[in-house]
Amino acid sequence: MRKPIIAGNWKMNKTPAQAAELVKELIPGVKDALCDVVVCVPATDFAAVKEAAQGSNIHLGAQNVHFAQSGAYTGELSPEMLKACGVEYVIIGHSERRQYFGETDRTVNLRVKAAVEAGLIPILCVGEMKEERERGYTDALVEYQTLIALNGLTDAQIQNLVIAYEPVWAIGTGLVATDEQANETIGVIRKAIGHKYGQAVAEAVRIQYGGSMNPGNVKGLMAQPEIDGGLIGGASLKAPDFTAVVMYHK
Ligand code: 13P
């Protein structure tokens, strides 16, 4: 059985003081969660979140990582730097990075490999745009994005990482994929991994849904057999909402 994992993606929100306050508000509500709980925060909040989350079941995540160890890459952070700050998880290939910052499937693959080699757990994001779904390209696209991103990794490394299926049209729009749509596309991703890496790897890898997930729709999504958790944007910024999503089983 795969342990569910629910992660907040705070995106470009929260100062260190606000971050510490949010984490402190979350701790009592999520302490009995049956899933892994992660908050992926801006790098400027790492220290504040690490300190506030001490002794709790809330794990620290980042929102991007560079693939080089060090060097002339202004504005970037290496895997080792994240590790040194206590980061355990890192979102890679989020659609906002693909859309606004020139992220490609090739750089996503480099980042995933570098993260895994440093002992970070990637949360690899894949997903189609609205017109790609309308034209019937969803399955081919998510398969392609997934397999390129995982290229060069061992079976053991793949089993241990997390994938987030985020249809771009559902992010921040209030439009949510139906439970069945999300389940079906996540099944397509899992099947593609099974074809290339074998059934055992496919059965072990955790695949989240992301895109306007909130306290109102989490139960239906989490009841689907292929959906192993959520990557939560807007609803992760308010303690009551994120707590309700994490405690979806209550
Ligand atoms: P929303 O939950 O705000 O739609 O964002 C989803 C997302 O992009 C998480 O990475």
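Along the sequence shown, the residues carry numbers beginning at 1. Both counts, for ligands and for their atoms, begin at 1 and track the order of listing. Quick caveat: nothing in here was measured; it's all calculated off a predicted structure.
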State if A170 counts as touching ligand 1 under the rule of any non-hydrogen atom under 4.0 Å. yes
Is the closest N or O pair between I232 and ligand 1 shorter than 3.5 Å? no
Please check this pair: side chain of R97 against backbone of Q63, looking for a donor-acceptor N/O pair closer than 3.5 Å. no
Does at least one non-hydrogen atom of G211 fall below 4.0 angstrom from an atom of ligand 1? yes
With a 4.0 Å cut-off on N to O distance, would you call R135 and E131 a salt bridge? no
Carboxylate-amine/guanidinium proximity below 4.0 Å for R111 and E76: yes
Students should be able to answer this: which protein heavy-atom is nearest to atom 3 (O) of ligand 1, and at what distance? G234 N, 2.8 Å
Mind checking whether N9 contacts ligand 1 via backbone (N, CA, C, O), side chain (CB onward), both or neither, at a 4.0 Å heavy-atom cut-off? side chain
Between G233 and ligand 1, is there a nitrogen or oxygen pair with a distance under 3.5 Å? yes
Pairs of donor and acceptor atoms involving the side chains of residues 147-167, under 3.5 Å and at least two apart or interchain, shall be tabulated with distances.
residue: T154; atom: OG1; partner: Q157; partner atom: N; Å: 3.1
residue: T154; atom: OG1; partner: Q157; partner atom: OE1; Å: 3.4
residue: Q157; atom: OE1; partner: T154; partner atom: N; Å: 2.9
residue: Y165; atom: OH; partner: E128; partner atom: OE1; Å: 2.9
residue: Y165; atom: OH; partner: E128; partner atom: OE2; Å: 3.0
residue: Y165; atom: OH; partner: R133; partner atom: NH2; Å: 3.1
residue: E166; atom: OE1; partner: H94; partner atom: NE2; Å: 3.1

Audit row: L26, T243, side chain to side chain contact (heavy atoms under 4.5 Å, CB included) steps and yes/no: CA-CA 6 Å; L26 288 173; T243 301; 3.5 Å; yes
Note the single closest protein heavy atom to atom 9 (C) of ligand 1, along with its residue, its atom name and the distance in Å. E166 OE2, 2.8 Å
Before signing off on this row, confirm whether S212 and ligand 1 have an N or O atom pair separated by under 3.5 Å. yes
Under 4.0 Å to a heavy atom of G172 - the qualifying atoms of ligand 1, by number: 1 (P), 3 (O), 4 (O)
List for me each residue that meets salt bridge (Lys or Arg N to Asp or Glu O under 4.0 Å) alongside E226, sequence neighbours excluded, and say none if there are none. R190
Please classify the A164 to ligand 1 contact at 4.0 Å (heavy-atom distances, strictly less than): side chain, backbone, both or neither. neither
D45 and K14 ion-paired at < 4.0 Å: no
